[in-house]
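Working notes for the structure below.
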Amino acid sequence: MKNRLLIIALSTILLVSGLSSCTKSNDEVNQIDTETISQTKTEQVTTTKNTTAPQITELTETTQTEVEVKPEVVLPKNTYAVDLNELYGEKKLELSSNLGFTYIDDDTICFHYKGYSDKNDNETHWQFKIFDIESKTQNLHITVPDTVKSYNLIDMRNSSLPDDVLCEFYMCYYSFGSYSFFVENTIRINKDYTYEIIHHDEGIKHIHSFGDYNYYYNDCNIYDAESDEIIVAGEYYGVDHKSNRIQNIKFGIDEKRFVYQSDGWAWTCGFGIYDYTTNETRDVVGTHNAFPFGYYNGKIYSEIYNMDWEEDIIYITDINTLETTAFLYKNKLADGYQYSNNYIFADGKYLLFGADNDMDGMKFLAVNSDTGEIVDEFFFENTGCLSISLIDGYKIILKSRDNNYLYVMDLSYLDEIL
């Protein structure tokens with residue numbers, strides 16, 4: 001009986017104790033519930049953040065990408081774009097600025113670049129690929145080994161080519177011992193897409209032709225290619241290469257005269273005119289550090305480089321009197337652009353040069369070659385250009401900075417403004 005009472009008493013104590021723990025104050029209960037709920041919510045929020053953060057990040061990145069997409073390129077009038085990605089394919093992007101081109105006509109383009117062959121033999125080759133622009137089809141692919149590994153590729157498209165030849169290139173190497181370009185291979189591509197690779201074992205000299213006369217430069221001098229006589233003498237002082245005065249052929253004036261430039265180690269010594277009819281060299285006085293870049297209507301155009309952009313001036317030299325005067329003060333254009341020294345003469349009458357701006361794009365000025373007055377200015381909005389070249393009298397071609405497009409522009413409308 002006593003044991004039974006003891007068990008009942010113990011059970012009663014335990015029951016009362018349990019009831020006591022369950023009957024805590026409302027504040028305590030609320031505190032517990034609040035903490036529990038708060039902890040539960042924190043766990044839920046934490047769980048939600050952990051599971052959704054990648055999605056939010058992806059959305060954020062997508063939004064940023066959309067914001068960072070460059071505005072649509074706006075081209076000037078009389079201009080159309082050739083998409084190199086569509087034409088050449090994704091592999092073009094691997095070539096970067098090494099990718100060159102010869103724009104043969106509105107239907108045909110030839111790409112050329114130095115790279116590894118398709119066989120991955122770790123040997124560099126020159127690649128030539130001709131595409132039809134409209135159909136985006138490749139018509140020809142030529143691979144030529146780069147045996148010398150110091151080639152300069154010279155496009156001979158502006159030379160007098162036979163009627164059945166589409167384009168021609170010289171693969172030249174430079175000989176430091178003789179200061180001359182030697183042609184090791186001639187690549188000739190015909191209009192029927194057959195081709196010839198003409199190898200010159202000993203290397204032939206790079207000939208410059210003006211009318212009926214041919215010239216080359218070698219050993220610091222310029223030579224008559226027919227007689228091998230020196231016509232423009234340079235200077236050579238032996239081991240001290242810094243004192244060399246090397247003569248270079250720049251461009252022709254007519255069929256019997258051309259402009260030469262005297263180069264030092266890191267400067268130019270000036271330029272002059274060689275006249276075949278008189279066998280006379282005429283140095284233009286006061287053209288130290290001057291770079292001649294073109295000729296039109298009896299005038300040689302040059303620019304003297306200065307470290308200070310405030311002195312950025314284009315000069316003209318009369319080919320008869322050799323008088324040199326300031327023609328255009330680029331620093332006084334006062335439009336906030338610093339213009340490049342990449343000049344193009346459109347039909348001779350217009351001097352074109354431009355300024356690249358990372359924010360706005362590329363701006364060009366067309367200047368009257370006689371008066372220096374600005375005829376027109378035009379913009380390639382939201383894009384920059386790496387190079388500009390002249391196809392024919394009025395048509396220019398530019399390559400975009402990102403190597404994705406070629407822009408072809410017809411400037412014949414300038415005649416209407418002029």
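None of these values were measured; they are calculated from a predicted model.
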| request: Could I get the full list of side chain to side chain contact (heavy atoms under 4.5 Å, CB included) partners for Tyr213, not counting sequence neighbours? | output: Tyr215, Lys256, Tyr276

| field | Partner set under side chain to side chain donor-acceptor pair (under 3.5 Å) for Asp201, not counting sequence neighbours | value | His199

| said: Among residues at least two apart in sequence or on other chains, which ones pass salt bridge (Lys or Arg N to Asp or Glu O under 4.0 Å) with Lys136? | reply: Glu86

| query | Listed by chain and number, what are the side chain to side chain contact (heavy atoms under 4.5 Å, CB included) partners of Asp275, not counting sequence neighbours? | reply | Arg257, Thr277, Thr278

| field | Counterpart residues, salt bridge (Lys or Arg N to Asp or Glu O under 4.0 Å), relative to Asp318 (two or more places apart) | value | none

| request: For side-chain contact (heavy atoms from CB on, under 4.5 Å), just list the numbers for Asp212 and Glu255, CA-CA rounded to whole Å, side-chain angles, deciding distance to a tenth of an Å, and then say yes or no. | output: CA-CA 7 Å; Asp212 297 329; Glu255 294 184 349; 5.6 Å; no

| request: Under the ring-ring contact (aromatic ring centres under 6.0 Å, His included) rule, collect the residues that match up with Phe327, sequence neighbours excluded. | output: Tyr301

| Between Leu351 and Ser369, which heavy-atom pair has the shortest distance, and what is it? | N-OG, 3.5 Å

| query | Under the side chain to side chain donor-acceptor pair (under 3.5 Å) test, which residues partner Asp164, sequence neighbours left out? | reply | none

| query | Rounded to the nearest 0.5 Å, how far apart are CG of Asn368 and CD1 of Ile417? | reply | 12.0 Å

| Of all residues at least two apart in sequence or in a different chain, which pass the salt bridge (Lys or Arg N to Asp or Glu O under 4.0 Å) check with Asp376? | none

| side-chain hydrogen bond (donor to acceptor under 3.5 Å, both in side chains): which pairs involve residues 286-297, sequence neighbours left out? | Asn297-Asp370

| query | What pairs with Thr102 under side chain to side chain donor-acceptor pair (under 3.5 Å), at least two apart in sequence or on another chain? | reply | His112, Asp155

| field | Contacts of type side chain to side chain donor-acceptor pair (under 3.5 Å), residue Asp263, not counting sequence neighbours | value | Asn248, Gln261

| field | Presence of salt bridge, Asp228 and Lys205, under 4.0 angstrom | value | no

| said: List the residues meeting salt bridge (Lys or Arg N to Asp or Glu O under 4.0 Å) with Asp415, not counting sequence neighbours, and say none if there are none. | reply: Lys349

